[in-house]
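In this text, all values refer to a predicted model and were calculated from it rather than measured experimentally. Note: hydrogens, waters and symmetry copies are ignored here, and every other heavy atom, side chains too, is used. Lettering of chains follows the sequences in order, A, B, ..., and the numbering in each one begins at 1.
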There are 2 protein chains.
Amino acid sequence: MDRFKIDDVAKATGLTKRTIRYYEEIGLIKPPARSEGGTRLYTAEDIERLKNIVAAREVLGFSLQELQHFLALKETMETHRAEYRHAAAGSEKRRELEQISAGLRRQIAMLEEKMKKMAMLKQELDQMAERVDALLQERREE
Amino acid sequence: MDRFKIDDVAKATGLTKRTIRYYEEIGLIKPPARSEGGTRLYTAEDIERLKNIVAAREVLGFSLQELQHFLALKETMETHRAEYRHAAAGSEKRRELEQISAGLRRQIAMLEEKMKKMAMLKQELDQMAERVDALLQERREE
DNA sequence: CAAAAATATAACGTTAACGTTAATGTTATA
DNA sequence: TATAACATTAACGTTAACGTTATATTTTTG
């Protein structure tokens, strides 16, 4: 039983059924297999991909378009790894690889930017919390 | 000349005039002073606040509602600091302070969650980049 | 002070990301 | 096997976050 129906997927990912169909509609996930009657049948990997999407969306505040870019990069890598190993230097494939590398570098730089700013924000919040708690403390001792 | 018209503010913050008016409309910023004829006149602080909003929105992917909460917290703190110091223990103000403290704790926890997940993502990206570059390297030596 | 440039309000338009409802067909279960 | 419980498509609805356009004032400038 390694085929899941849409409601199972919904429960596993926290998305609604509508959202899952919508993600398929805009090409964020590829159309899954179908039963004789037309019911969508998902695999465990499909669920993994969706979990990744949820995480990235929630955590990074990426738009679905940005997510599409990001996931494409990842998948291109994983799917074509073998293929890449045996292409001639200076070939089309090499240029592809260089594209991927550049894309990755951009994403990493962006992430670093965000992380830095988040750290600054956290510091600010920590300081505020400290001050508030100091006030609460001070008053307790009156 | 410490009063700015909306176009100056737009240029200073990178927002459009429409967006600035919209932020006022939904209460994200307070209505600025007006000229005799009704033209909005902003102060340097107004501009600062807007710059903060832009930063938070871009970096954190917060919705405007979340931003509202966050900025309110910050402002409440800064505006009422003096006032808080001299309220009786167990008073209304004390409960307010406790609310603020709790709110801060929530925001901090949320931030920590996000930072953790971002770190994991970055690690993944770094690994991918490493593999791609290894491939590029390998082929150079053929 | 008259023309040009900027501002104001009001209202309708747009896009992303789904929610909701309806009509119909498919699967699971007593 | 009937019937309840789910799935499918299609289409219209909704909310956030602005964009665009129109019409009327204000402000600036030659």
For nucleotides 21-24 of chain D, give me every protein contact, N/O to N/O, under 3.5 Å, one pair per line with atom names.
none

| field | Non-hydrogen atoms of A:Ala44 and A:Phe4 that approach each other most closely | value |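 Closest approach of A:Ala44 to A:Phe4: N-CE1, 3.9 Å.
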| task | Identify the two heavy atoms, one from A:Ile29 and one from A:Ile20, that lie closest to each other, and give their separation to 0.1 Å. | result |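 Where A:Ile29 meets A:Ile20 most closely, the heavy atoms are CD1-O, 3.8 Å.
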Which residues pass the salt bridge (Lys or Arg N to Asp or Glu O under 4.0 Å) test with [X], not counting sequence neighbours?
X	result
A:Lys11	A:Asp7
B:Glu112	A:Lys122
A:Glu36	none
A:Arg18	A:Glu25

| request: Could you tell me the separation between the CZ atom of B:Phe4 and the C1' atom of D:dT28, rounded to a whole number of Å? | output: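 Whole-Å distance recorded here is 18 Å.
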| message | Show me the pairs that pass salt bridge (Lys or Arg N to Asp or Glu O under 4.0 Å) and involve residues 41-55 of chain B, at least two apart or across chains. | response |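 The answer is B:Arg49-B:Glu75.
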| field | Charged N-O contact under 4.0 Å between A:Arg95 and A:Glu98 | value |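 Salt bridge absent between A:Arg95 and A:Glu98.
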| task | Salt-bridge test for A:Arg40 and A:Glu24: reply yes if a basic N is under 4.0 Å from a carboxylate O, no otherwise. | result |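 Here A:Arg40 pairs with A:Glu24 in a salt bridge, since their nearest N and O are under 4.0 Å apart.
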| request: Could you tell me which residues satisfy side-chain hydrogen bond (donor to acceptor under 3.5 Å, both in side chains) with A:Ser35, sequence neighbours excluded, listed by chain and number? | output: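 Here no residue qualifies.
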| Listed partners of A:Thr39 passing side-chain hydrogen bond (donor to acceptor under 3.5 Å, both in side chains), at least two apart |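 For A:Thr39, no residue satisfies side-chain hydrogen bond (donor to acceptor under 3.5 Å, both in side chains) once neighbours in sequence are set aside.
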| field | chain A footprint on DNA chain C, 5' to 3' - any atom under 4.0 Å from a heavy atom | value |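 On DNA chain C, the outermost contacted nucleotides are C:dA17 to C:dT27.
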| Counting distance only, does the side-chain N/O of A:Thr19 pair as donor-acceptor with the main-chain N or O of A:Leu15 below 3.5 Å? |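 No; zero donor-acceptor contacts below 3.5 Å.
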| field | Residue closer to the 5' end of DNA chain C, B:Gly38 versus A:Gly38 (nearest nucleotide) | value |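 Upstream on the strand: B:Gly38.
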Can you give me every donor-acceptor pair (side chain of residues 99-110 of chain B, partner residue at least two apart or in another chain, under 3.5 Å) with its distance?
unit_1   : atom_1 : unit_2   : atom_2 : d
B:Ser101 : OG     : A:Asp133 : OD1    : 3.1
B:Ser101 : OG     : B:Arg105 : NH2    : 3.4
B:Arg105 : NH2    : A:Asp133 : OD1    : 3.3
B:Arg105 : NH2    : A:Asp133 : OD2    : 2.3

| field | Most 5' of B:Gly37 and B:Gln65 on DNA chain D, judged by nearest nucleotide | value |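 Looking at the nearest nucleotide for each, B:Gln65 comes out on the 5' side.
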| Does anything in residues 14-29 of chain A reach DNA chain C, meaning a heavy atom under 4.0 Å, and if so which residues? |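 Under 4.0 Å from DNA chain C: A:Thr16, A:Arg18, A:Thr19, A:Tyr22, A:Tyr23.
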| query | Near DNA chain C, under 4.0 Å by heavy atom, which residues of residues 39-51 of chain B? | reply |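 Output list: B:Thr39, B:Arg40.
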